[in-house]
Amino acid sequence: MSHAPMNHMRVKETLARRAGQVERHLASLLDESPATDAGRGADGALHASIIPERLRAAMKYSLLAGGKRLRPVLCLSSAALCGLDAERILPFAAALECIHTYSLIHDDLPAMDDDDLRRGRPSCHKAFDEATAILAGDALLTDAFALMASVGTASSSPIPPDRVLASVAEAARAAGSSGMVGGQIMDMDCTGKIDVPPETLRRLDALKTGALFRAACSTGAILAGADADAVTALRGYGEALGAAFQIVDDILDATADTATLGKPAGSDADMGKATYPAILGLEQSRELAREAALTAVGRIDHFDASPLPGTGEEAAFLKGLALVLLDRVK
């Protein structure tokens, strides 16, 4: 039986509920509670009590600045789709948001995109200083891997070590030179050029944005012990979803205002960034975003025959989420 996409209202309600769960966990990570073991505090929290205060403040400033929390929600939902109690991997999912936040801090730096506004308030390097922002990003990226590893050493219901190792490797590849970092340098290389081929732009976005979306979905499946076909289906879903998300992001930068976006509108054009609207125009960009979202929906059809309890609800949510992202306004 094919699972129909969840309607927009229910998708938004489900997304808000799961994002709230992630938000509460993120808030707990930098609490000044005593650490209980090497690298972690209670429930996978960091050694907040011994982090230098300025560094901790900068990390919290950016990590708790709001946001959709899509990447951790995708990880949790993918795990649940494959039969795992998502609560067991909450630290791993939160770690993906730490990686995403690090990337935003560094992208905003003067040497990169030089943006002064992020999520409706001053970027980390403007609220603190450039050196502190760099170190806050470094800390969030590095600490993320300690959080990921913690799901394999949890005091109750630890995830098997082989699954954790495979998932950490997947996340590291997505964040590193063959993922986000590689995409960022391609973005810099393409800035100011008017003849960027569409295929180059697709590869750039697949690395800079799509890699972490892809890893969020595949790691949820791997941690759940899903078979190779399920992991491949969710990896494909994340890749297509990431493409749709980035195309819509490009469209919004060209059409929305700064107050709505929470970051400088029109900055892509001002900097000469290679974007879909700049290369293909708005209408073709919208059509490509829709095609990518429908591709994502089709990837979840793999789970239509799954006997696992709750699969129908999770499949409907992930399908609906792909369609909701087409209509986002920020």
### Query
Hey, mind stepping through Leu70 and Val73 against side chain to side chain contact (heavy atoms under 4.5 Å, CB included) and telling me if it holds?
CA-CA 5 Å; Leu70 278 175; Val73 168; 5.6 Å; no
### Message
Set out, in order, the CA-CA distance, both residues' side-chain angles and the distance that settles side chain to side chain contact (heavy atoms under 4.5 Å, CB included) for Leu204 and Cys190, then state yes or no.
### Response
CA-CA 9 Å; Leu204 185 167; Cys190 290; 4.1 Å; yes
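Side chains of Phe303 and Leu318 form no contact here, defined as non-hydrogen atoms less than 4.5 Å apart. Put simply, the side chain of Asp114 does not reach to within 4.5 Å of the side chain of Leu109, judged on heavy atoms. Looking at heavy atoms from C-beta onward, Leu29 lies in side-chain contact with Cys98 at the 4.5 angstrom threshold. Contact check for Met6 versus Glu313: side-chain heavy atoms found under the 4.5 Å cut-off. Within the 4.5 Å cutoff, the side chain of Leu321 has heavy atoms near those of the Leu74 side chain. Taking 4.5 Å as the limit, some side-chain heavy atom of Asp249 sits within range of a side-chain heavy atom of Arg328. Looking at heavy atoms from C-beta onward, Asp250 lies in side-chain contact with Asp205 at the 4.5 angstrom threshold. Residues Arg235 and Cys217 have side chains not in contact (no heavy-atom distance under 4.5 Å, counting atoms from C-beta outward).
The two residues Met112 and His106 have their closest heavy-atom pair at CG-O, 3.1 Å. Between Val164 and Gly152 the shortest heavy-atom distance is CG2-CA, 3.8 Å. Between Ser285 and Ile247, the shortest heavy-atom contact is O-CG2, 3.2 Å. Shortest non-hydrogen contact noted between Asp115 and His125 is O-CE1, 3.1 Å. In this structure, Ala224 and Leu84 approach most closely via the heavy-atom pair CB-CB, 3.6 Å. The shortest heavy-atom contact between Cys82 and Leu234 is SG-CD1, 3.7 Å.
Atom CG of Asp85 sits about 8.0 Å away from atom OG of Ser157, to the nearest 0.5 Å. In this structure, the separation between CG on Leu201 and CG on Leu280 is 7.5 Å, given to the nearest 0.5 Å. Within the model, atoms CZ of Arg69 and CG of Leu76 stand 12.5 Å from one another, a figure rounded to the nearest 0.5 Å. The OG atom of Ser77 sits 8.5 Å away from atom CG of Leu15, with the distance rounded to the nearest 0.5 Å. Atom CE of Met148 and atom CG of Leu223 lie 9.5 Å apart (nearest 0.5 Å). Within the model, atoms CG of Asp229 and NE2 of His302 stand 5.5 Å from one another, a figure rounded to the nearest 0.5 Å.
The neighbour count for Ile185 CD1, taken as heavy atoms of other residues, nucleotides or ligands under 6.0 Å away, does not exceed 12. Applying the 6.0 Å contact sphere to NZ of Lys68 captures more than 12 heavy atoms from other residues, nucleotides or ligands. Within a 6.0 Å sphere centred on CZ of Arg88, heavy atoms belonging to other residues, nucleotides or ligands number more than 12.
In this pair, Phe213 and Phe245 present their aromatic rings tilted. The plane angle is within the 30 to 60° band.
For Arg286 and Tyr276, the positive end is not near the middle of the six-membered ring at less than 6.0 Å and at most 45° from its axis. Because its NZ or CZ atom is not both nearer than 6.0 Å to the ring centre of Tyr237 and within 45° of the ring axis, Arg214 does not count as a cation-pi partner of that residue.
Of the N and O atoms on the side chains of Ser167 and Thr219, not one donor lies less than 3.5 Å from an acceptor on the other residue. Under 3.5 Å, the side chains of Asp129 and Thr132 contain a donor-acceptor pair of N or O atoms. In the model, Asp327 has a side-chain atom that pairs as donor or acceptor with a side-chain atom of His8 under 3.5 Å.
Residues that satisfy the side-chain contact (heavy atoms from CB on, under 4.5 Å) test with Ser103, not counting sequence neighbours, are His100, Met180. Arg173 meets the side-chain contact (heavy atoms from CB on, under 4.5 Å) test with Ala169, Glu170, Ser178; sequence neighbours excluded. Residues satisfying the side-chain contact (heavy atoms from CB on, under 4.5 Å) test with Ala315, not counting sequence neighbours, are His3, Leu81, Ile300.
Panel note: side chain Thr200, backbone Val196; no donor-acceptor pair is recorded below 3.5 Å. Within the 3.5 Å criterion, the main-chain N or O of Ala139 finds no donor-acceptor partner in the side chain of Thr142. Between the side chain of Arg118 and the main chain of Ile105, no donor-acceptor pair closer than 3.5 Å is present. Using modelled atom types, one side-chain atom of Asn7 and one backbone atom of Met9 make a donor-acceptor pair closer than 3.5 Å. Side-chain atoms of Ser123 never come within 3.5 Å of backbone atoms of Lys126 as a donor-acceptor pair (strictly under, hydrogens ignored).
Salt-bridge check for Asp253 with Lys273: failed, with every basic side-chain N at 4.0 Å or more from each acidic carboxylate O. Asp108 has no carboxylate O lying under 4.0 Å from a charged side-chain N of Arg119, or vice versa, which leaves the two without a salt bridge. Ion pairing between a basic and an acidic side chain is recognised when a charged N comes within 4.0 Å of a carboxylate O; Asp304 and Lys319 show such pairing. For the pair Arg10 and Glu13, the salt-bridge criterion is not met [side-chain N within less than 4.0 Å of a carboxylate O].
Cluster annotation: Leu147 and Ile51 are assigned to the same hydrophobic cluster (Ile/Leu/Val/Met/Phe/Trp/Tyr, side-chain heavy-atom contacts under 4.5 Å, transitive).
Applying the salt bridge (charged side-chain N to carboxylate O under 4.0 Å, His left out) test between Arg18 and each of Glu23, Glu87, Glu314 identifies Glu314 as the sole match.
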